[in-house]
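Naming convention: chains lettered A, B, ... in sequence-line order (proteins, then strands); numbering from 1 in each chain. Quantities reported herein were computed from a predicted structural model and do not represent experimental measurements. As a basis for the values below, the full set of heavy atoms in this structure was taken, side chains included, without hydrogen atoms, waters or symmetry mates.
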4 protein chains.
Amino acid sequence: MNINPTSGKPLYEQLMFGIKQDILLGILQPGDKLPSVREMAQRQLVNPNTVAKAYKVLESQEVIQTVMGRGTFVATHSETRQIDARQLKKFKTQFKELMTEGMYLGLTKNELINLINEWYGGDNSGVKD
Amino acid sequence: MNINPTSGKPLYEQLMFGIKQDILLGILQPGDKLPSVREMAQRQLVNPNTVAKAYKVLESQEVIQTVMGRGTFVATHSETRQIDARQLKKFKTQFKELMTEGMYLGLTKNELINLINEWYGGDNSGVKD
Amino acid sequence: MNINPTSGKPLYEQLMFGIKQDILLGILQPGDKLPSVREMAQRQLVNPNTVAKAYKVLESQEVIQTVMGRGTFVATHSETRQIDARQLKKFKTQFKELMTEGMYLGLTKNELINLINEWYGGDNSGVKD
Amino acid sequence: MNINPTSGKPLYEQLMFGIKQDILLGILQPGDKLPSVREMAQRQLVNPNTVAKAYKVLESQEVIQTVMGRGTFVATHSETRQIDARQLKKFKTQFKELMTEGMYLGLTKNELINLINEWYGGDNSGVKD
DNA sequence: GTGGTCTAGACCACC
DNA sequence: GTGGTCTAGACCACA
């Protein structure tokens, strides 16, 4: 996980993304303890307030859980996490815009679809890069 | 193209997206004249400066071209449509982040592909599932 | 001489530059007759007013001369054309700014000097490109 | 760095030039913090929006970098300082035009070279006359 | 008519 | 504190 303060993206969002990605990649497993706010802040060279905000939003998304006095832990994926309609709508909007950008960068629709196939793993046989 | 002042997204970015989409959908053809800054501002109920900013960024991306004193036109990106390496890198980063979000929202691969088809027609020839 | 309406530079300045360059290259000789305003406008696909403005400024710079009823002619260089102090100051300012830009583009001071040597012709032996 | 509101040149371009020059002259070093938008605006007696525009263009040219919430800094263009082909072409066009002007003003080659030396020190080793 | 620049002043997100 | 966005309204050069 790398934080780039000049990327224009909010630091707390970059932190959130890094943690989510670590979970998806298996680096962080459900139940694992996350570094404390202060420790994470030192590691990533950001303000503790920034880490606290990232943790707070992640908790509201039920990605992590805070246990008072014990720390912050990766949530167990099996819980009944219902899809937030607002989040879903926002995602779809962002997705469409990103696809539009991609086509402007010269990527064809099929290249975009193949990119998705790649990311979702599964059947990658014959997928063009 | 509709501008939503309450969406949280900058108005000028919404304008940019709308114009790019109109071009991709063929509503705007290369060489077509865009509404003048003032006219577009009236149509979309935004300040002319906001439109001017959108136009200027689009021009820097070579999506449109301005002819001083005459107006703004959809670019004819003729032959020299070279892919900007920096923009492509940025796109891939955004793509990765968005895919991570999508997985967390529980979206399947096919749902995403359907989203693309919904917007850009349904010819999937050459795409492997 | 090519006029590019999307370059951002005023069309009348582009015209002026083209004429000056033709003179320096010998394509236009002192005493030669320039195309009429209307003919030049047709050739370059610009408004006659634009050509008229270019001619007017060139005449104020004593580069060309208009003879009422006969047309416009390239001035004879030998006339006592005194250097306009204001023009000279403006030139120096532009020159310094351009050199600064050049250094930012990665050109070294020596490359800039060599570019000048090239343009002023004369002793080009051993000048790096 | 001085801003002259009556020079006819856009104020934001004057700001850009002043900052670039300060960097080339070593007054500003890579990593140095620039005055905040508001402070620079006060110093130069211009509107903060004007400063913001100058900073934004400079950032797009990778001359400076902004860290949201912290400020603006002189870029450390590390190793990947690749010459932008488009910018270089634009530079050469401007250079040609300026040289044409210079010849018309009767400036000699040495006068131009002296102008460069005046601004960027006098080490001419390796330059052929 | 067009876009380009500038000002004044507001509100916001981020750190 | 920082920069980012937006508005309102002005003036200018260019075609």
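Nucleotides of DNA chain F nearest to C:N47 and D:V37 differ in position, and the one nearer the 5' end is that of D:V37. Between A:E13 and D:V46, it is D:V46 whose nearest contact on DNA chain E lies nearer the 5' terminus. If B:L34 and B:N49 are placed on DNA chain E by their nearest nucleotide, the residue sitting closer to the 5' end is B:L34.
Put simply, the side chain of B:R38 and the base of E:dG1 share no donor and acceptor less than 3.5 Å apart.
Atom CD in A:Q14 sits about 12 Å away from atom C1' in E:dC14, given to the nearest Å. Atom-to-atom, CG of D:L58 to P of F:dG4 comes out at 12 Å; the value is rounded to the nearest Å. Atom-to-atom, CZ of D:F73 to C1' of F:dG1 comes out at 12 Å; the value is rounded to the nearest Å. Between A:M16 atom CE and E:dC15 atom P the separation is 12 Å, expressed in whole Å. The interatomic distance linking B:K9 (NZ) with E:dA13 (P) rounds to 16 Å, in whole Å. Counting to the nearest Å, the P atom of E:dG9 and the CD atom of D:Q42 are 13 Å from each other. For the pair D:L45 CG and E:dA8 P, the interatomic distance rounds to 11 Å; values are reported in whole Å. Atom P of nucleotide E:dC6 and atom CG of D:N4 are separated by 12 Å, given to the nearest angstrom.
A:S7 and A:Q14 share a donor-acceptor pair across their side chains, judged by distance under 3.5 Å alone. Between the side chains of B:Q21 and A:K96, not a single donor N or O lies within less than 3.5 Å of an accepting N or O.
In terms of phosphate contacts, B:K53 brings a side-chain nitrogen or oxygen within less than 4.0 Å of OP1 or OP2 of F:dT5. Applying the 4.0 Å criterion to OP1 and OP2 of E:dT5, one finds that D:T50 has every side-chain N and O outside that range. An OP1 or OP2 oxygen of F:dC14 is reached within less than 4.0 angstrom by a side-chain nitrogen or oxygen of C:Y12. Here D:S36 does not reach the OP1 or OP2 of F:dG1: none of its side-chain N or O atoms lies under 4.0 Å away.
Scanning both residues, D:Y12 and D:A54, for their nearest heavy atoms gives O-CB, 3.5 Å.
C:Q87 contributes no side-chain N or O that, together with a main-chain N or O of D:L105, makes up a donor-acceptor pair within less than 3.5 Å.
Comparing atom distances between the C:L11 side chain and each of F:dA15, E:dC6, F:dG3 picks out F:dA15 as nearest. Checking F:dA15, E:dC14, F:dC6 against the side-chain heavy atoms of B:P10 singles out F:dC6 as nearest.
When both pairing distances are held under 3.5 Å, E:dG3 makes a Watson-Crick or G-U pair with F:dC12.
Among B:K92, B:K20, B:K90, the one residue that satisfies the salt bridge (Lys or Arg N to Asp or Glu O under 4.0 Å) test with A:E101 is B:K20.
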